Amino acid sequence: MPVIHCFMYFRSYLCRQNRKIMKHSVLYSFVIVIVIVFVLYPQKGRAQFQVVDAEDGKPLACAYLFDAHGGMLGMTDMEGNAKRYKGKVTVSTMSYESQTVDADSFTGVVRLKPSAYSVNEVSVEGNDYIKISVAFRDVFRNDSDLVLFREGIADYYLNTRSNKMQRRIRACRQFEHPDLRKLIGSYPALYDARTLDLRHIVYVERGDVVSQSGDTTVFNANYHGQKSNDALIQINDSARHLYRSVIDEMKLNPIAYNQAFDKLFKMSYRQNIIDWSMADPSRAFSSLIGCRAYREIVHGKKHPVTERTMLEVATIGITALTKEEAKEEMKEKKGDIPHDFDMPHQMPAAPFDVAAETASLIERDFWTM
């Protein structure tokens, strides 16, 4: 009897262990299947939609993606793919008409229509001055609240011999928080209330090629002797004779500098991008199409405040002038700068309801840091 009992007990034990093994095997198999599905399938599903040129169907790399309040969500990748977002998303890039989609349900292809854009053929050589007329827009947010909105028209006068440039504001309307000017320089406050100024151009030396896809090439960059990886993206549009240089300034700053700056001022950058659109890289200012600069700065550690800034410039005309003509035009304009004017069509529409968001702000004369 004891032998039989031992045998029965041993057989029962084996059956229990076998059931446990089977359960674990099923569990392991299930986990493995889930991992495979998660790893393989999202490679195609990670993109919410793709942004392409409506005419030739080519992907549009580095197209801006804004939320309903004009905050930048991100940019499309080299294949024109956008990550998953929620709510209304506006897709915008220079020399194209903006388009808004509902990212909660839209998973197709966003086809942006090229907007008519032409720049006069102006030769720098043989002319004393080049006048670049631009439309500009500045948007400043403090923790998502709009605290300053400025748009207007300006002329830049480039001396072709000295390469120095002077600016004249021709028209501007500005809406700002009533206490904005008192808060400048205080914490937390608007860090920077300037307008994008073409006189303060920063040239970045292009390095070796990192990667390439279609019309888009990623370069390493050199800035003040500091080599930075994949900090410069150049996009060529041979059909319209345009090119864009998208510069990631965060990658151009040495890490040590960022750390020291962060500790000293208790602030850190999340994004800092400059995007130039040119008609011909060899013609510099005489072929500027437009420029966008986007910054996102976080103040403080315990109770962080995020400031978002987007500065835009779109060229509306280029003219060659003699020295006498330029001096006459560059004289300070007497009287107030006009507030009532129409923004030129070359400037892309603001990616939010300007009237609604400026309703609580007050209108002031042009002022910039």
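In this text, all values refer to a predicted model and were calculated from it rather than measured experimentally. Side chains included, hydrogens not; waters and symmetry mates left out as well; all remaining heavy atoms used.
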- State whether Asp230 and Lys251 are salt-bridged, where the test is any N-O pair (Lys NZ or Arg NE/NH1/NH2 against Asp/Glu carboxylate O) under 4.0 Å. yes

- Message: Closer than 4.0 angstrom, basic N to acidic O: yes or no for Glu363 and Arg173?
- Response: no

- Can you get from Leu196 to Val204 by hopping between Ile, Leu, Val, Met, Phe, Trp and Tyr side chains that sit under 4.5 Å apart? yes

- Query: Between the side chains of Asp128 and Thr322, is a donor N or O closer than 3.5 angstrom to an acceptor N or O?
  - Reply: no

- Polar contact flag, side-chain donor to acceptor under 3.5 angstrom, His339-Asp365: yes

- No-hydrogen, no-angle side-chain donor-acceptor test under 3.5 Å, Arg244 and Thr93: yes

- Task: Using the ring of Tyr157 (Phe, Tyr or Trp, six-membered ring only), decide whether Arg168 places NZ or CZ under 6.0 Å from its centre and within 45 degrees of its axis.
- Result: no

- Side chains of Thr90 and Thr100, donor plus acceptor under 3.5 Å: yes

- Message: With a 6.0 Å cut-off (strictly less than), is the heavy-atom count around CG of Asp102, excluding the residue itself, greater than 12?
- Response: yes

- Message: Looking at Glu296 and Arg308, is there a salt bridge between them, counting it only when a charged N and a carboxylate O are closer than 4.0 Å?
- Response: yes

- Note on the structure: Closest heavy-atom pair, Phe341 versus Ala171, reported as atoms and distance to 0.1 Å, is CD2-CB, 3.7 Å

- Query: With a distance cut-off below 6.0 Å to the six-membered ring centre and an angular limit of 45° from the axis, does Arg292 pair with Tyr64 as a cation-pi contact?
  - Reply: yes

- Task: Please determine, by modelled atom types, if Gln174 and Arg364 share a side-chain donor-acceptor pair under 3.5 angstrom.
- Result: no

- Ala63 and Val91: which non-hydrogen atoms are nearest, and at how many Å? CB-CG1, 4.1 Å

- Query: Has the side chain of His69 got a donor or acceptor atom that lies under 3.5 Å from a matching backbone atom of Gly71?
  - Reply: no

- Could you please spell out the steps behind the salt bridge (charged side-chain N to carboxylate O under 4.0 Å, His left out) verdict for Asp197 and Arg167? CA-CA 8 Å; Asp197 196 334; Arg167 182 183 68 177; 3.8 Å; yes

- Item | Test applied, salt bridge (Lys or Arg N to Asp or Glu O under 4.0 Å); reference residue, Asp138; option that passes from Arg150, Arg194, Arg295 | Arg150

- Pair Thr160-Asn127, side chain to side chain donor-acceptor pair (under 3.5 Å): steps then yes or no: CA-CA 7 Å; Thr160 60; Asn127 291 298; over 6 Å; no

- Query: With no hydrogens and no angle check, do the side chains of Tyr294 and Asp275 hold a donor and an acceptor under 3.5 Å apart?
  - Reply: no

- Non-hydrogen atoms of Val89 and Ala103 that approach each other most closely: CG2-CB, 3.7 Å

- Query: Parallel under 30°, tilted from 30 to 60°, perpendicular over 60°: which one fits the rings of Phe106 and Phe49?
  - Reply: perpendicular

- NZ/NE/NH1/NH2 to OD/OE distance under 4.0 Å, Arg111 and Asp53: no

- Task: Could you tell me whether Lys58 and Asp215 make a salt bridge, using a distance below 4.0 angstrom between a side-chain N and a carboxylate O?
- Result: yes

- Message: Using 0.5 Å steps for rounding, measure from the CG atom of Leu288 to the CG atom of Leu158.
- Response: 11.5 Å

- Query: Can you find a side-chain donor-acceptor pair between Tyr156 and Gln166 that sits under 3.5 Å?
  - Reply: no

- Message: Check whether Phe149 forms a cation-pi arrangement with Arg141 (NZ or CZ under 6.0 Å from the six-membered ring centre, at most 45° off the ring normal).
- Response: no

